[in-house]
Amino acid sequence: MTIATLHENGEIAAMPENPFAPRAGLMVWMGEEIVPVEQATISVFDHALLYGDGVFEGIRIYRGKIFKEEEHIQRVFESARAIRLELPMSPERLSRAMYETMRANDVTGDGYIRLVVTRGVGALGISIRRTANPTVIIIVDKISLYPLEVYERGLHCIVSSFARNHPNALNPRIKSLNYLNNVLAKAEAHAAGADEAIMLGLDGHVCECTGDNIFIVRRGELLTPGTWEGILEGVTRGVVMELAAKRGIPVRETSLVRHDLLVAEEAFATGTAAEIVPITEISKIPIGDGKPGPITRQLMEDFVAYRNAV
Ligand code: PMP
């Protein structure tokens with residue numbers, strides 16, 4: 001397929017190929033059917049595009065099985081409910097659709113699912129009353145992870161100048177398609193030569209990283225911001241809290257400020273894509289001795305054992 005662009009002077013030039021374009025042959029669930037990725041398109045009138053009006057999930061597949069499927073399905077239904085969006089399918093149908101899309105892509109090993117639900121096509125104007133046909137999109141693909149080296153040396157983070165959404169503006173517990181401040185925080189981290197950004201709330205409390213939850217270890221206790229701070233209630237976060245409890249490591253949801261980060265003995269981030277990744281530097285200050293700590297390493301090991309066992 002030739003992709004071309006029309007210049008102002010009337011000349012047509014080939015567009016440079018996008019190195020990040022989806023691979024040919026990828027099959028995508030689009031609304032009610034599975035189609036080749038080239039046909040998986042939404043209307044320019046879909047309010048997901050016009051207003052970021054929609055919700056999503058990032059889900060892992062390990063050995064052909066959807067990891068924590070019930071939790072992800074529950075969360076997408078909760079996100080949808082919170083934005084007054086009615087999913088056009090039942091949780092059971094959604095599960096079958098994900099497995100059907102995996103089959104269409106011959107995924108029997110590990111992979112990643114991006115589930116998106118758009119508001120649907122509507123009139124121009126933000127009213128949800130003038131929209132119809134929310135669309136379920138299921139992409140099954142590989143996920144690009146942090147390189148192995150990052151798991152060994154740990155993430156270098158900045159504290160972002162972009163605040164996480166205030167819960168009374170758009171609660172981050174809603175996994176909505178409005179991620180622009182997170183996108184900008186990540187870009188800010190990269191511009192500063194760091195890997196990741198830690199986002200604070202408007203009150204200066206620690207919230208989370210741009211796509212991961214955050215934990216610290218202080219005096220042997222595992223601490224993480226509570227959901228009241230304005231964070232996504234991460235599925236991996238839940239697993240890590242469970243694993244720590246099993247190990248007899250005390251876990252507490254609390255309020256944390258920047259100072260707590262800097263005096264932590266250990267820190268790490270958790271998420272579906274990253275799993276558990278140590279944080280060893282924040283604002284150029286080493287965390288602990290600047291190496292992944294023993295509790296972090298223990299939980300990383302426990303997490304691998306846990307997901308290999310389900
Ligand atoms: N926080 C944010 C902002 C995220 O986007 C994600 C990734 N979905 C997480 C935390 C981690 O959540 P989970 O463990 O469910 O992937």
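Computation of the quantities below employed the complete heavy-atom set of this structure, encompassing side-chain atoms and omitting hydrogens, waters and symmetry-equivalent molecules. All of these numbers come straight from a predicted model, not from anything done at the bench. Just so you know, ligand 1 is whichever comes first in the structure, and atom 1 is the first atom listed for that ligand.
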I need the I174 CD1 to N165 CG distance, nearest 0.5 Å. 9.5 Å

Hey, could you give me the CE/SG distance between M199 and C209, rounded to the nearest 0.5 Å? 10.0 Å

List for me each residue that meets side-chain contact (heavy atoms from CB on, under 4.5 Å) alongside R130, sequence neighbours excluded, and say none if there are none. A123, S127

Who's touching ligand 1 if we go heavy atoms under 4.0 Å? R75, R164, K175, Y179, N182, E208, T210, G211, D212, N213, L232, G234, V235, T236, T270, G271, T272

Are R252 and F215 in a cation-pi setup, meaning NZ or CZ lies under 6.0 angstrom from the ring centre and within 45 degrees of the ring axis? no

Should we say atom CZ of F45 is surrounded by more than 12 heavy atoms from elsewhere, each under 6.0 Å from it? no

When you check the side-chain N and O atoms of D212 and T270, is any donor under 3.5 Å from an acceptor? no

